Participant: 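Below is a structure I'd like to ask you about.
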Amino acid sequence: MVKVFERPKSLTEKPFHYCPGCTHGIIHRLVAETIDELGIRETTIGVGPVGCSVFIYEYMDLDFHQASHGRAPAVATGVKRVHPDKTVFVYQGDGDLAAIGTAEIVHAAARGERITVIFVNNAIYGMTGGQMAPTTLVGMETTTSPFGRNKETQGSPVRVSEMLSTLDGAAYVARVSVHDPKHVIQAKKAIRKAFDNQMNGVGFSLVEVLSTCPTNWGLHPIEATKWLADNMIPYYPLGEFKVPTAPAKVEGEVE
Amino acid sequence: MVKVFERPKSLTEKPFHYCPGCTHGIIHRLVAETIDELGIRETTIGVGPVGCSVFIYEYMDLDFHQASHGRAPAVATGVKRVHPDKTVFVYQGDGDLAAIGTAEIVHAAARGERITVIFVNNAIYGMTGGQMAPTTLVGMETTTSPFGRNKETQGSPVRVSEMLSTLDGAAYVARVSVHDPKHVIQAKKAIRKAFDNQMNGVGFSLVEVLSTCPTNWGLHPIEATKWLADNMIPYYPLGEFKVPTAPAKVEGEVE
Amino acid sequence: MAKILMKGNEAVGEAAVMAGCRYFFGYPITPQSELPHYMVKRLAEVGGVFLQAESEIGAVNMSFGAAGSGARVMTSSSSPGISLKQEGISYLAGAELPVVIVNIMRGGPGLGNIQPTQSDYFQATKGGGHGDYNLIVLAPASVQEIVDLTIDAFDLADKYRNPVMILGDGVLGQMMEPVEIREVQVNVPEKTWATTGAKGRKPNLINSLYIVAERCEEHNLRLQAKFKQMAKDNIRYEDYLADDAEILLVAYGTSARIAKGAIDRAREQGIKVGLVRPISLWPFPYEHLAEVAQKVKSVLVVEMSAGQMIEDVRLALNGSKPVDFYGRLGGMLPVTSEILREIEKLAKGGRSNG
Amino acid sequence: MAKILMKGNEAVGEAAVMAGCRYFFGYPITPQSELPHYMVKRLAEVGGVFLQAESEIGAVNMSFGAAGSGARVMTSSSSPGISLKQEGISYLAGAELPVVIVNIMRGGPGLGNIQPTQSDYFQATKGGGHGDYNLIVLAPASVQEIVDLTIDAFDLADKYRNPVMILGDGVLGQMMEPVEIREVQVNVPEKTWATTGAKGRKPNLINSLYIVAERCEEHNLRLQAKFKQMAKDNIRYEDYLADDAEILLVAYGTSARIAKGAIDRAREQGIKVGLVRPISLWPFPYEHLAEVAQKVKSVLVVEMSAGQMIEDVRLALNGSKPVDFYGRLGGMLPVTSEILREIEKLAKGGRSNG
Amino acid sequence: MPKVTFHEDRCKGCELCTSVCPKGIVVMAKHINSMGFHPATVVEQDKCTGCAFCARMCPDVVIEVEKEEK
Amino acid sequence: MPKVTFHEDRCKGCELCTSVCPKGIVVMAKHINSMGFHPATVVEQDKCTGCAFCARMCPDVVIEVEKEEK
Amino acid sequence: MLQEIIMAGFGGQGIMSMGQLLTYAGMLENKHVAWIPSYGPEMRGGTANCGVTISDREISSPVVFEPTAAIIMNRPSLDKFEPAVKPGGIILVNSSLIDKKVQRTDIKAYYIQANELAEELGNSRVSGMVILGALLELTKVVNFDSVEESLKKVLPEYRYNLIPLNRKALEKGAEVVRNG
Amino acid sequence: MLQEIIMAGFGGQGIMSMGQLLTYAGMLENKHVAWIPSYGPEMRGGTANCGVTISDREISSPVVFEPTAAIIMNRPSLDKFEPAVKPGGIILVNSSLIDKKVQRTDIKAYYIQANELAEELGNSRVSGMVILGALLELTKVVNFDSVEESLKKVLPEYRYNLIPLNRKALEKGAEVVRNG
Ligand SMILES: Cc1ncc(C[n+]2csc(CCOP(=O)(O)OP(=O)(O)O)c2C)c(N)n1
Ligand SMILES: Cc1ncc(C[n+]2csc(CCOP(=O)(O)OP(=O)(O)O)c2C)c(N)n1
Ligand code: SF4
Ligand code: SF4
Ligand code: SF4
Ligand code: SF4
Ligand code: SF4
Ligand code: SF4
Ligand SMILES: [Mg+2]
Ligand SMILES: [Mg+2]
């Protein structure tokens, strides 16, 4: 007998504190699997956000930085500049990355920082009690859009992957989902590519992962995955928005 | 004899403090002309940036807010929400808007704030002594890129208009230039549209104006206009990136 | 007048609405979230604007715009978010804009935690932002007082054209007490300086830039004169069994409430102990404290911090009395019995070593 | 050792490089721009990294990442930019990261102007960010001292794993004086806590989050013990003709230089006046000041602010001596002759009313 | 024959695994685990194809899957 | 006949107007204005078409253009 | 009269609302009242507790450190709050959910099969009200009518049908401790 | 010896570098020196000035409020700095550019046709050096050799050919005031 599926080595034994059915856990696992596959646990440094995944450093058996809300890409920039030979990745929620951290992610991408960003879009502020995020769909009820997000007064959801794809510095940008096993497998591939790029010295890579928040969506976990498929994917189409065009540059090479 | 060209009424008599040949002056004039044409001097509120144009409030005969560096779109949001019936415009440089103010402009656009943004892109920090801006072209020498902007370490210039065009909330986004009279006339048309949109209750409008900084580019004003045409326009193509699709909504109407 | 049971955070919101505030700009953060959650619904009822900004910086600058446009405006956050607002707060003070800022303090430094603290006292009272400026800082200790002080805060902000801060903590924000919801006569002074469109008058300018040093000094001198006036007119405090006290406690907000509990128990033992509770932290009741302290043997400051207000207490007493300290840190609450122990120590003539 | 003539801002940069700093993260702002302009070239020579961030917030958080990765790091700004960094500074203190932060102060509040001031004293010394923490704050008064203190700043930051601030102003940043460029023995302590990849050891974590209040309190108590030690070991000051002084001036940085000029002139008139110049603003030389002041008749504090350090002076003297104040605001410099006039007033037994 | 193992203590009873098993052999147990949740479990283990859908979908890494070597 | 007027005191001598006049009739004066710049001025006013290119290009709003009513 | 009451259990047991209900009742009787929740990371972890102070005099500290009475709805809460109860105070344990006994002898412990009693009344969800009834009986902190009255303030009108059941639960709890 | 010197004029006249040169020379003579610019909004406006302090003793204040000597290269600077000069001090006016006369009688004024003298030497750009020469002659603050030496430190090597001209300009200025 061989194990065809087991707990990745890069995860600690600590149980996740996430709510039942929250897909943050799946995404953590995919990152850990990727790090295991690449054999880079000892040379990878993670940067975590403020959000439900704030404790990611307890779950991953890696060196980690706990960054201030929204600033993980700037922290990762500091880390990567000191350790250009290490793999540096960032894990951020949509409030963290797409609201308060907009400037930091845009400019990390524009600079082509050689980091990998895992961007968990669950269309809500999970940790603080289900407030509207920049990614909240129009009409969606949250604690700060109790009558449903009103496009006229509260604006339209930001499509982060599309926005960042306009930047020359962004080498790889993809949107995936984890609402069913097939998509989980695709998500894993995208995450793998995003790490591969960094190791090849290619610039900034970001994978946007559509994720559920059963608690704040007020849905059973299974309903939540359906809701994601039915409502989020139409507005947030899946796919690769940008793939590296030029052959990978050797670190430090300058045009 | 009739005056076919005269000083717009919305300008005060105060001479601009700009360096000789700095096209900030042309752009100020175009905004003033537009306000004159629309007859909205008494119902318009301006919000100025920190940058060479920080004294715009001395030159325009309007109510004005002097905003903190980069935050003019947020200030304008506050103004517009209190005075939805007034015309609110923002004037910002590229350091102000595209660096420190990234989050504020992206989210004003995403919200579809009914404001008009005049975005002066001169590819440099003028006021503080010619440092590299997010819009500085690759290879361009500035006080903080003395060896020329290095794409590998300092990143690639941000195309703001293209980036903001990905947002549903942005109704009108255009890039124009003022390096010769023909383009000045086109620029004026775009600015006019951006004000018209607001008055029609259409969402967020932004006009990116390519502008010169003879002083920090180290060029004679005439050379500077040529340099703009030859170097900036190829990287920053002119045109309308987004025009309102739906018929203008009446203020307050909600879908 | 009807009493209703309310959470502190919600009471801030209700009081703001009572005071005529129709604009709220915020960004989510624990432990103040009940305030925006309340405001989004309540402002919809009264035709106001609730806007969740992209960040605390967005929120404070939206407040700048709305206040400069003549509106009564509130913005709210908790410690890390308030740190982010420091540049904006300095701008509000410099441009003389009336905004009510709420800080429901939590554990620090850094991300810390979401438990109640009082460790932003210095930031609030000495100026966390750059330049010479002062906020009026009001520290309620009950839900009723939250209502009263929030209403006053709007009047004071308008009166002086200056930002006013309500400084609370998680305990005050989350606890429920009865409050009287009274009719408030909203008297907003005419704001001829606000940007409303330059119709039939010279343009109005909302500004903190004075590029020529001489002008900037003049502006600052004018501000300083205003701060002096503000300081003179707005000293607030509560004395609790201070008349005959031999031991004087000084504490504000939640720690003052807990201190009162300890005082009650000490009094039961016959120890003559009282409390001065500063309600306005800026202006600080220096003179009152000095006066009350004249008659006491020793002074104990109780804070949920490493000791911040104690500096103001020492400045007030100017060496006239020994000042001891009992504090808890990082989101822990002072405990009645522990305060009692410190009191007993002082009563025996020792020094507290809290 | 060769002397060269250098601008203060450039001297900060050169000293940083001498101290082994190879990472600089900044964002342009007057009047500190010569520092990044110098660093971008100098770091290229020594194989370091100069990075212009998208904002001051970006810069302080990049510094967080680089310092947590084990590097010697500097970030620099001026007043409004430093206000924006307050959340980040609180995080640096909370996560115990050694970063040298430079503030070349300018006029405030708000946008103010770009002229020299000292009005960020409170922000620097009392904590402009949230939570209980302290920075070591060093205030040079000459270009040579800029070099010396900047070098020390890196050592202190590493020694205590704490951010250290160099607090200057436009005069110090822009003026030129000779400096000795000496060989510096760079001794960076081993940083076993830094994130370098968890190879053959447990993972390292750079963190300021302690979600359980008990843990957060423990963390804070540990920090407080460290701050106490820092305060004990790092008091710095200069006495100038203070031995026989009957009138004592207290001033730091640029205003101390100008005060010395006034003292020289007063001494020519036979007035016995001296100066204590705090070099470390935190820790403040409370005890030394109290000691020196014992022998004097009166004390005059000179600041380029509305009076901030004066609170620490009053805390030091604890009521033992009257403390007068002369200050200039909004970017104006104190003038030698005006300080002299205040000294003369005090010499005649009057009170200064600066 | 493929084998799935549930580390029951970690299960939060979210039921996602049950919804994705192509064989429908993952169900929720009646009992409560140490965290207070009804854990998932497999019935009719012999029908399992070892596809690992359940495991890939489990947010709490409860499930291990083994297969015979080929 | 069209007429251009230069508010000479405001001119900063940037020469942009000279570079865009299709008739080449805008030139820099020898003298220095109150701000210390050589101001622009028009020679051969009669060749002016009133196109206002000079005025549109002037960053300092120095130039006014008049035309006969049609 | 000063009663400082802790109510503690799992999230979802309605602890917080029960505390608010009691507080409301105190307010209706013109007493001084305060309610204070514990908040923070524990909340997601599952435990929930709140403190209720009801007094004739102004309330000094709303934070309850040494409760005069404690209602305990799960095992971890018993461990946490048993040591805190004021000597001479009372502790009410829902023995349907907790098999452990109170160790201290200087406080008075009551074990109430609240879930069973509630089910007897036809609805297991009123187990909290059963214990609350016991508390009222033992402390007389407020009277039953006030609690019933507050229910009206707290419940939406279409839920008023639940009031008689809740009243019965209160009385059931009272009866149990009255009888020993 | 304590000399506090103001140099003031238009931007572009090389005022700042001239001040730095003098400072450098003082340093070479092992004197205590400080150079301080005015900065800020004026700079873009056009005026530029700096203060140089050279002293035998440690320099207290590097800020020059009451200069012992002032070099004035444009009219606005004359208006600004004439009142500031210390009684008994000297003021050197470039009379090629300024037709106004110094009003004060308690200071000594020198008018130097610096531009004409410089042109005589073949290069109008050394007008500043002419005035500096006059200052050195009058104050003896540093000697000519030190200034020449500092020029070597300040100029790139391929510019060393300019040194003799500058030296001549210094001497010219000295000569003018020596004689008159
Ligand atoms: C400066 C600052 N502002 C606000 C907060 C409060 N806060 C914590 S997490 C969070 C948002 C979390 O949402 P998201 O990033 O979408 O992550 P999720 O919880 O949904 O995974 C906020 C606003 C904070 N900690 N710091
Ligand atoms: C918070 C803050 N950071 C930095 C500055 C300094 N600053 C003033 S203007 C400016 C940039 C100006 O560049 P840009 O926006 O491109 O305008 P331009 O001068 O080129 O028109 C900067 C960085 C400031 N005033 N405030
Ligand atoms: S609140 Fe939402 S995002 Fe956070 S752990 Fe629960 S389900 Fe996941
Ligand atoms: S510095 Fe550049 S942008 Fe600023 S006024 Fe001068 S030319 Fe214009
Ligand atoms: S491995 Fe596949 S078949 Fe087996 S239990 Fe899991 S999902 Fe069902
Ligand atoms: S998916 Fe995992 S946590 Fe959820 S029920 Fe199945 S085994 Fe349990
Ligand atoms: S109006 Fe036209 S033709 Fe006349 S001067 Fe101007 S540019 Fe030349
Ligand atoms: S464009 Fe205007 S400012 Fe420039 S030279 Fe012509 S008239 Fe003068
Ligand atoms: Mg989220
Ligand atoms: Mg620019």
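Predicted model, so just to flag it, every value in this text is computed and none were measured. In the text below, chain A, chain B and the rest are named by the order of the sequence lines, each starting its count at 1.
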Participant: Using a heavy-atom cutoff of under 4.5 Å, enumerate the residues of residues 164-177 of chain A that contact chain B, numbered in order, or state 'none'.
Facilitator: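 The stretch touches chain B at A:Thr166, A:Leu167, A:Asp168, A:Gly169.
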
Participant: A:Ser53 and side chain to side chain contact (heavy atoms under 4.5 Å, CB included): which partner among A:His24, A:Met127, A:Gln92?
Facilitator: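 Exactly one option meets the side chain to side chain contact (heavy atoms under 4.5 Å, CB included) with A:Ser53, and it is A:His24.
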
Participant: In residues 103-110 of chain A, what donor-acceptor pairs under 3.5 Å come from side-chain atoms, sequence neighbours left out?
Facilitator:
unit_1	atom_1	unit_2	atom_2	d
A:Glu104	OE1	A:Arg71	NH1	3.2
A:Glu104	OE2	A:Arg71	NH1	3.1
A:His107	NE2	B:Ala98	O	2.7
A:His107	NE2	B:Thr102	OG1	2.8

Participant: Would you mind checking if B:Arg114 and A:Glu152 are paired as a salt bridge, meaning a charged N to carboxylate O distance below 4.0 Å?
Facilitator: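 Looking at A:Glu152 and B:Arg114, the cut-off is met.
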
Participant: Which one wins on heavy-atom pair count under 4.5 Å against chain B: A:Gly101, A:Pro157, A:Ala99?
Facilitator: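 Most heavy-atom pairs within the cutoff with chain B belong to A:Ala99.
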
Participant: Hey, are the side chains of B:Val31 and B:Phe195 touching, using non-hydrogen atoms and a 4.5 Å cut-off?
Facilitator: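 Yes; the side chains approach each other to less than 4.5 Å.
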
Participant: Is it possible for you to check whether A:Arg159 lies under 6.0 Å from the centre of the six-membered ring of A:Tyr235, through NZ or CZ, and within 45° of that ring's axis?
Facilitator: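 Here A:Arg159 passes the 6.0 Å and 45° test against A:Tyr235.
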
Participant: May I ask you to check whether B:Asn122 and B:Ser211 show a side-chain donor-acceptor distance below 3.5 Å?
Facilitator: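 Side chains of B:Asn122 and B:Ser211: no pair found under 3.5 Å.
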
